[in-house]
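Since the structure comes first, as structure tokens, the remarks are kept for the end.
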Amino acid sequence: MLILGLETSCDETAAALVRDGRDVLSNIIASQHELHEEYGGVVPEIASRAHLERLLPIIRAALAEANVTLRDVSAIAVGHRPGLIGSLLVGVSAAKALAWSLGVPLIGVDHVHAHLYAGFLLRANNTSKNPEPETRNPKPNSLFPALGLVVSGGHTLLYRCDSPVTLTRLGGTIDDAVGEAYDKAATILGLAHPGGPKVDALARLGDDRAFDFPRSLIAPGSLDFSFSGLKTAVLYRVRGYPGQSPAPQALTDSSRADLAAGFQRAAIGVLITKLERALDRLSEEGVMIRSLIIGGGVSANSRLRSDAADLARRCNLRLILPALEFCTDNAAMIAGLGAERLRIGAVDDLTLRAEPTTVG
Ligand code: KG4
Ligand code: ZN
């Protein structure tokens, strides 16, 4: 079964070919970062126009890299929610046209849920002698029930996962997503957008105990998240409190690295605490969690990867992390989850709608 996946929910235009839900034959991504950089964030109209211009060449490139033709494709999967409505419409319209003209099933896939599938993807013909440990992930079905955490630029969500397609929401952010907090902290520290990876790199050079930033845990037992206070704390450290005199000294390379490290310790600390809370809650409910599944752009974060590995070891859980190329937005995760939906008959017709918000 060969699925063509399309992804246009935000500022990445992507197409991928995935065989049998796991083997990634091609994964082509055209980022629009350069188009939005001067605005400090994604401009929706610019994003949709760029998707329109880029999608067909990207699909052709994905077919060429996979060495297949459209006639070999068994189904078309498309990220149809959540995201920028104009951007989603480009992908959804293209997917409908392709599915209709080829006479193959159309499968709408939730982008946030697909991030949790990314850890099950494998690079087909991976000839590397030392594959990353996560490329040896076992087949999905031996790992459920699982605790899932999606950490991206737009979402921070905890799920109980009973299968790749059966997710129950346990909690989410009440303000900024963790990736958004990373990007805003990066801007405050003078790093270019999107700054998450740059804060991560800088944090590794700093002393994470030099600044003790607040961690909002909301309320005892709460599985929701809040990151806007942490972001504001970094802002006040760098620019001073309103009316503060004298104003703070200008940042040096070393204070910038310490601030990044302190921010990262607090942000990742909150994620780990919430994972622990969710595991406690599920255990009290008698649910025997077998694995921890993490996905989304921030799952590329070095501290999250190592702290989550420690947590999984302590709690005797399998840890499923995407290979780095599948952490941020891509269409392989859409095709992969599309295969799971196709397997259970969850296909769509031409009434499939682009929707700005996720469900569940
Ligand atoms: O999943 P994604 O590509 O897009 C959304 O669905 O939002 O996530 C992008 C987010 C950005 O906020 C980016 O700064 C963040 O993921 N990110 C990171 C790292 N790599 C990407 N944040 C922290 N550390 C990283 N290494
Ligand atoms: Zn995403």
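Side chains included, hydrogens not; waters and symmetry mates left out as well; all remaining heavy atoms used. Here the structure is a predicted model, which means the values were calculated and not measured. One-based numbering, in listed order, for ligands and for the atoms of each.
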Is the side chain of Asp348 donor-acceptor paired with the backbone N or O of Gly108 at a distance under 3.5 Å, no angle test?
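Checked: pair present.
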Check whether His111 reaches the backbone of Pro82 with its side chain - one donor and one acceptor, N or O, closer than 3.5 Å.
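Looks like no, no N/O pair under 3.5 Å.
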Quick one: [atom1] on [X] to [atom2] on [Y], what's the gap to the nearest 0.5 Å?
{"X": "Arg303", "Y": "Ile272", "atom1": "CZ", "atom2": "CD1", "value": "9.0 Å"}
{"X": "Glu34", "Y": "Asp11", "atom1": "CD", "atom2": "CG", "value": "9.5 Å"}
{"X": "Ile334", "Y": "Leu6", "atom1": "CD1", "atom2": "CG", "value": "9.0 Å"}

Compute whether any side-chain donor of one residue and acceptor of the other, for Gln264 and Asp200, lie under 3.5 angstrom apart.
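Yes, Asp200 and Gln264 have a side-chain donor paired with an acceptor closer than 3.5 Å.
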Non-hydrogen atoms closer than 4.0 Å to ligand 1: which protein residues do they belong to? List them by chain and number, please.
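Lining ligand 1 at under 4.0 Å, by heavy atoms, one finds His111, His115, Ser152, Gly153, Gly154, Gly179, Tyr182, Asp183, Gly196, Pro197, Asp200, Gly296, Gly297, Val298, Ala300, Asn301, Thr328, Asp329.
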I'd like to check Phe144 versus Ile293 (side-chain heavy atoms, cut-off strictly below 4.5 Å). Are they in contact?
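Yes; the side chains approach each other to less than 4.5 Å.
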Got Arg239 and Gln244 here, is their nearest side-chain heavy-atom distance under 4.5 Å?
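A side-chain contact is absent here, since even the closest heavy-atom pair is not under 4.5 Å.
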Which protein N, O or S atoms sit under 2.8 Å from the Zn ion (ligand 2)?
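Atoms qualifying: His111 NE2, His115 NE2, Asp329 OD1.
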In terms of ring plane angle, is the pair Phe213 and Phe211 parallel, tilted or perpendicular, where the classes change at 30° and 60°?
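Taking Phe211 first and then Phe213, their aromatic rings lie parallel (interplane angle under 30°).
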